[in-house]
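Quick note on labels: first sequence line is chain A, next is B, and so on, each numbered from 1.
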2 protein chains.
Amino acid sequence: MTVECKNCPLRQKECFQPFSPQELSFTQGFKSGELSVDAGTTIQIEGSETPHLYTVLSGMGVRYKTLENGRRQVINFILPGDFVGLQAGVMGVAGHSVEATTPMVLCTFRRSDLWRLFQNHPGRAYDLVWLAASEEAFLGQSLVTVGQRKGLERVSWALLKLFDRLKHLGLAKGNRVPLPYRQQDVADALGLSLVHTNKTLGVLRSRHVARWSDGELQILDRETLQGYALVEEEDVGQRPLI
Amino acid sequence: MTVECKNCPLRQKECFQPFSPQELSFTQGFKSGELSVDAGTTIQIEGSETPHLYTVLSGMGVRYKTLENGRRQVINFILPGDFVGLQAGVMGVAGHSVEATTPMVLCTFRRSDLWRLFQNHPGRAYDLVWLAASEEAFLGQSLVTVGQRKGLERVSWALLKLFDRLKHLGLAKGNRVPLPYRQQDVADALGLSLVHTNKTLGVLRSRHVARWSDGELQILDRETLQGYALVEEEDVGQRPLI
DNA sequence: TCCGGCTATGTCGTAGTTTAATTCGCGAAA
DNA sequence: TTTCGCGAATTAAACTACGACATAGCCGGA
């Protein structure tokens, strides 16, 4: 099966990244199995062997690193269509953990099949580079946000990013999207304390800008939220980089 | 020319990343020219077209993003052997700037040659994925540091990282390495103010842990510095990821 | 000699952390 | 049904790490 990719002007077909995850032509001749997990399951543990790579077919989760002092940095939020495992550290030893926050279905690939894939399918290799570069670009944005912006800006940025990603996946109903995370997850992603994140969310709620409760995010005043988030137009992570 | 790569156990030859930059077998059939620039030159400007990719043959610089409010986030420090431009945004429009802090010599590649390279040289494609993943892993570490650690820890971490990278490049003379950056650069990389970074450096100096002046960094008490930096053993960025 | 960029250091205000107490579900046990 | 227990959200109060501002010293270049 070959599908059109709306996001990749350079190579108009067989491009990898998120549209309908089920359509991933990438899986041809590479997929090794499927994996279903419950909410709360840790799919990958920091420092453990990871012979597999994954794409997320459904469900959501977080990718994070834990520190010596017990604190935690959420690297990014894992949504359907995301590719997981490329970032894994030295020779398949993961440098981070991945945890499901909802039930998830994953498509698994064997890491050891990767080299064969490169030799036989240059297009897929190209896609992987693009993926890795997208990821890198997103992390760059996170770094800017965490490093240079204040609490309100960070929280607004995160909500907006998540909203748009989920909308892009077709999960938005009007101005609402499902957001099955805890406030702690967002706090850990933004380098803020839970308490301060909570208060900031309270501010956004009281100003009728955004409301997030019961696992559902609602954007009430996108204009203002964007103002807080100081968001750039460029929507990295959805388009090809090379 | 084919060289041994000390860092890549999986494919023992023709692997890309930093050893002696001059040996980059990668350049075969891909290199399109060389570029020499003075200290202070901006090689790449955020938002501008970037038809080229680079490897650094000599000299140092910074890669950064500028914000609406004038602040700046240094994404990483560019050292000899580094590959620049893969991260560039949509269709060759850079999402960040690159500036030389010393005179630099760069090896240039045409972005448009990339696709051909993938088709003809799967090994190089493999290297590129590895590179991108390394970069991504490093950014993950930065994010953890900036998001979760305090000033002293951040500064210590940065000094240690830079020291080790430069040492790995063979630029260390005993416990000294050249470090041609301004304090502002480090501050911007760590999400700290210049003043606070300065004071923290003062602390390290007065405690006889590390001294940085006149473009030269000196580690006086590595043990203690590592303690501050809370550094993990894993040295991502020097080893293959897939 | 003056000027501009970088480093150094002191004071003070504040954004954000820490700790803790309260509340609100919600599922399991009684 | 009520009760208990647990995890998450919420709010308040005390503390602190860090930023903003100001000032001074240093050095190289015009």
Side-chain angles (χ1 to χ4, degrees), chain A residues 38-41 62 67 69-74 99-102 145-159 179-207 210-218 228 230, chain B residues 38-40 62 67 69-74 99 101-102 145-159 179-207 210-218 228 230:
Chain A
D38 292 335
T41 308
V62 288
L67 292 147
N69 55 14
R71 297 184 70 171
R72 186 180 79 135
Q73 175 70 38
V74 168
E99 186 181 320
T101 60
T102 71
T145 303
V146 172
Q148 306 295 340
R149 310 227 248 237
K150 306 203 174 279
L152 180 61
E153 298 166 345
R154 297 192 211 181
V155 173
S156 303
W157 178 81
L159 294 185
L179 198 60
Y181 295 103
R182 294 167 305 161
Q183 296 187 358
Q184 184 73 61
D185 295 324
V186 174
D188 288 346
L190 297 174
L192 295 172
S193 70
L194 169 61
V195 176
H196 196 252
T197 304
N198 181 310
K199 277 193 259 197
T200 306
L201 288 168
V203 170
L204 290 175
R205 199 181 327 121
S206 68
R207 292 187 191 171
R211 178 173 291 126
W212 175 27
S213 59
D214 304 320
E216 196 179 66
L217 169 66
Q218 201 181 151
Y228 293 154
L230 297 168
Chain B
D38 291 336
V62 288
L67 294 145
N69 54 16
R71 298 184 69 170
R72 187 180 77 135
Q73 175 70 37
V74 169
E99 186 180 321
T101 60
T102 72
T145 303
V146 173
Q148 306 294 341
R149 310 227 250 236
K150 310 207 172 275
L152 181 60
E153 297 166 344
R154 297 191 211 180
V155 173
S156 302
W157 178 81
L159 294 185
L179 199 59
Y181 294 102
R182 293 166 305 159
Q183 296 187 358
Q184 184 73 60
D185 296 324
V186 174
D188 289 345
L190 298 174
L192 296 171
S193 70
L194 168 61
V195 177
H196 197 252
T197 303
N198 182 311
K199 282 179 196 176
T200 307
L201 288 169
V203 171
L204 290 174
R205 199 182 327 119
S206 68
R207 292 188 191 170
R211 178 173 291 126
W212 175 27
S213 59
D214 305 318
E216 194 177 68
L217 169 66
Q218 201 180 151
Y228 293 152
L230 298 168

Legend entry - Heavy atoms of other groups near Asn69(A) CG, more than 12 under 6.0 Å: yes
Inset, instruction - State, with a plain yes or no, whether a side-chain heavy atom of Arg154(A) is found less than 4.5 Å away from one of Val146(A). - result: yes
Inset, instruction - Name the closest nucleotide to the Arg71(A) side chain, picking from dC6(C), dT9(C), dT18(C). - result: dT18(C)
Legend entry - N/O donor-acceptor pair under 3.5 Å between Thr101(A) side chain and Tyr181(A) backbone: no
Legend entry - Residue-level proximity of residues 193-201 of chain B to DNA chain D when a heavy atom falls under 4.0 Å: Ser193(B), Val195(B), His196(B), Lys199(B)
Inset, instruction - Look at the side-chain N and O atoms of Arg205(A) and state whether any lies under 4.0 Å from the OP1 or OP2 oxygen of dT10(D). - result: yes
Legend entry - Residue closer to the 5' end of DNA chain D, Tyr181(A) versus Lys150(B) (nearest nucleotide): Tyr181(A)
Legend entry - Angle of first-five versus last-five pair axes in the helix from dT1(C)-dA30(D) to dA30(C)-dT1(D), to 10 degrees: 20°
Legend entry - Sub-4.5 Å side-chain heavy-atom contact between Lys199(A) and Val203(A): no
Inset, instruction - Taking only the side-chain nitrogens and oxygens of Gln184(A), find out if one of them lies under 4.0 Å from OP1 or OP2 of dA9(D). - result: no
Legend entry - Between dG16(C) (C1') and Arg154(A) (CZ): distance, integer Å: 9 Å
Inset, instruction - Please name the pair of heavy atoms, one in Arg149(B) and one in Leu67(A), separated by the smallest distance, quoted to 0.1 Å. - result: NH1-CD2, 3.0 Å
Inset, instruction - Would you mind classifying the nucleic acid contact of Gly215(B) as base, sugar-phosphate or nothing, using non-hydrogen atoms under 4.0 angstrom? - result: nothing
Legend entry - Heavy-atom pair of closest approach, residues Leu152(B) and Arg207(B): CD2-NH1, 4.0 Å
Legend entry - Heavy-atom pair of closest approach, residues Thr197(A) and Ala187(A): OG1-CB, 3.2 Å
